[in-house]
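Everything below concerns the one structure shown next.
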Amino acid sequence: CPSTKQHFALEYDCYGDSYCSDTDLVQLRDVFQRMHNNK
Amino acid sequence: MEKKISRIYPLSDPKTTYFLQVAWTTDLGSGFTVTLCNGKSAWTGTISEVEISKEASDMEMEREKYVDELQKALILDTELTSKYNFDFCEDKEISEIYHFSYEKNLKDVSFKLGSVKLKKVSDPVEVIKELIGYCLDYTAELHVKNEYVQKENKRLLNNWDDMHELLDKSVQVKEELEQELYSKFICVLNEKKSKIRSLQEKLKEAREAARQNR
Amino acid sequence: MEKKISRIYPLSDPKTTYFLQVAWTTDLGSGFTVTLCNGKSAWTGTISEVEISKEASDMEMEREKYVDELQKALILDTELTSKYNFDFCEDKEISEIYHFSYEKNLKDVSFKLGSVKLKKVSDPVEVIKELIGYCLDYTAELHVKNEYVQKENKRLLNNWDDMHELLDKSVQVKEELEQELYSKFICVLNEKKSKIRSLQEKLKEAREAARQNR
């Protein structure tokens with residue numbers, strides 16, 4: 001729903017990477033993999 | 001002059017091994033010399049380019065195809081020659097003239113491919129020595145070729161190993177590069193995230209302060 | 001039974017080519033058979049393991065070293081044999097007995113390595129046929145070996161090409177991977193930066209609002 005969407009938009013960027021919580025190898029790989037799939 | 005030596009067992013004397021030497025310049029079509037030897041005596045004769053053309057036309061065969069058949073019969077490998085029969089006999093009318101003939105056998109029929117008139121060699125010892133000598137030289141030549149090819153083989157094997165090593169290394173480099181990039185990206189990104197957290201904290205405080213001031 | 005055939009020119013009859021066939025089982029040290037042929041006649045004889053030991057001790061040479069010398073003299077390649085002389089002569093006292101001797105020549109001195117007693121072969125034709133036959137078989141064997149190694153070389157060459165292609169591809173993949181990772185990282189990083197910019201903007205506004213409220 002819109003509110004959930006907004007909530008996530010606040011927490012994550014459009015690639016699914018969190019603005020605030022530190023990332024690690026697995027998460028970053030995951031983000032990049034998603035970017036690849038979306039592309 | 002190229003030569004080929006092989007064993008034959010004449011139809012009229014199948015138990016005796018004869019050594020057939022065929023010698024030619026460019027190819028059999030330009031004429032060739034046949035030498036037969038049974039280890040004790042020797043016979044030799046030549047067929048010319050013209051005679052070959054005549055034999056081809058007698059057989060109503062295209063000359064090229066005929067020459068091709070001759071090659072198979074006389075100078076190619078033993079397996080193939082099993083499709084060919086040879087015979088060797090003295091001329092019934094003219095003494096000291098011999099006929100060496102070769103025929104191709106198809107399933108249940110065989111047809112004569114050609115023949116060469118031979119004469120007995122006065123000094124077979126020389127022919128025998130030549131045969132053995134040629135074999136020795138040819139063997140030595142093959143040895144040299146063998147050695148060269150073996151060396152080439154070794155070189156190629158080494159190259160292959162080197163290349164394989166390079167490929168392994170390249171895959172490893174790729175993986176290391178990926179690891180390295182990821183670790184650098186993570187450092188930079190986490191810096192930015194920590195910055196964002198701090199800014200959010202400050203924004204929260206600022207808004208709180210603004211609210212209290214109001 | 002291994003064999004080696006080579007040409008020799010006996011010291012006592014240097015103009016005549018003889019074919020020397022040496023046949024052995026494990027190595028020359030276990031004894032060997034010598035067959036000599038001049039294209040017309042043949043002689044053969046055997047020297048036993050015991051006789052070889054005796055010859056080595058007569059020469060006060062270590063047996064292994066002596067056998068090594070025999071190998072070089074009798075069955076190794078022609079260049080080497082140029083250091084060795086051979087001779088062949090009928091026994092002065094005993095008819096139908098012949099001696100085949102081999103010696104090593106050093107600079108200006110040569111010393112006798114050994115000799116084998118030979119007898120004339122009653123049917124030299126068979127020996128001649130065997131010699132030629134062995135050569136033909138050996139040639140055929142070398143041909144097969146040659147072909148096999150040639151094929152092997154071709155296969156290795158193809159493999160090498162494939163490997164080379166893989167390597168090129170691997171280098172390309174590495175470069176593409178690097179490019180791809182950087183471009184993704186830039187996207188994600190820029191998102192963080194834009195977030196930082198927006199937070200900084202909001203913080204500035206909040207602080208401005210707080211200041212005005214005061």
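Remember, predicted model here, so these are calculated numbers, not experimental data. Just so we're on the same page: letters track the sequence lines, and every chain starts at 1. Values below: every heavy atom of this structure, side chains too, minus hydrogens, waters and symmetry copies.
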Requested in this report: I would like to know whether B:Y18 and C:K129 meet side-chain contact (heavy atoms from CB on, under 4.5 Å); could you show each step before the answer?
Outcome: CA-CA 8 Å; B:Y18 282 76; C:K129 284 188 173 178; over 6 Å; no
Query - CA sep, side-chain torsions, deciding dist, call: C:K40, B:K40, side-chain contact (heavy atoms from CB on, under 4.5 Å) - result: CA-CA 7 Å; C:K40 186 175 182 181; B:K40 184 174 183 183; over 6 Å; no
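The CD atom of C:E178 sits 5.5 Å away from the CG atom of B:L181 when rounded to the nearest 0.5 Å. The CD atom of C:Q21 sits 10.0 Å away from atom CD1 of B:I132, with the distance rounded to the nearest 0.5 Å. Interatomic distance, CG of C:L156 versus CG of B:N158, reported as 10.5 Å (0.5 Å rounding). The CD atom of C:E175 sits 13.0 Å away from atom NZ of B:K174, with the distance rounded to the nearest 0.5 Å. Separation of atoms SG (C:C135) and CG (B:L136) is listed at 5.0 Å; rounding is to 0.5 Å. For the atom pair CE of C:M163 and CG of B:D162, the computed distance is 10.5 Å after rounding to the nearest 0.5 Å.
Of all the listed residues (C:V125, C:I5, C:N38), the one sharing the greatest number of non-hydrogen pairs under 4.5 Å with chain B is C:V125. Ranked by heavy-atom pairs under 4.5 Å with chain C, the first of B:A209, B:P124, B:G39, B:A206 is B:G39. For the set C:E130, C:E205, C:K145, C:H164, the entry with the most heavy-atom pairs within less than 4.5 Å of chain B is C:H164. Ranked by non-hydrogen atom pairs under 4.5 Å with chain B, the options C:V127, C:I128, C:L157 are led by C:I128. Annotation: maximal heavy-atom pairing with chain C below 4.5 Å, among B:N146, B:N159, B:T139, B:T17, occurs at B:N146. When the candidates C:Q150, C:K195, C:E126, C:H143 are compared by the number of heavy-atom contacts under 4.5 Å with chain B, C:H143 comes out ahead. Contact count versus chain C (heavy atoms, under 4.5 Å) is highest, among B:L203, B:L199, B:L167, B:N153, for B:N153.
Atom OH of B:Y148 is surrounded by 12 or fewer heavy atoms from other residues, nucleotides or ligands within 6.0 Å. Atom CD of B:E191 has 12 or fewer heavy atoms from other residues, nucleotides or ligands within 6.0 Å. Other residues, nucleotides and ligands contribute only 12 or fewer heavy atoms inside 6.0 Å of the NZ atom of C:K117. Within a 6.0 Å sphere centred on CD of B:E176, other residues, nucleotides and ligands contribute more than 12 heavy atoms. Taking a 6.0 Å sphere around NZ of B:K192, one finds it holds more than 12 heavy atoms contributed by other residues, nucleotides or ligands. The number of heavy-atom neighbours closer than 6.0 Å to CD of B:E64, taken from other residues, nucleotides and ligands shown, is 12 or below.
For C:R7 and B:D137, the salt-bridge test passes: some basic side-chain N is under 4.0 Å from an acidic carboxylate O.
Proximity to chain B is limited to the side chain of C:L177, based on heavy atoms less than 4.5 angstrom apart. With a 4.5 angstrom heavy-atom cutoff, C:K193 touches chain B only via side-chain atoms. For C:L131, the part lying under 4.5 angstrom from a heavy atom of chain B is the side chain only.
Note: B:F185 and C:F185 have parallel aromatic rings, judged against thresholds of 30 and 60 degrees for the angle between ring planes.
Residues C:R155 and B:W160 form no side-chain contact, since every pair of their non-hydrogen atoms from C-beta on lies 4.5 Å or further apart.
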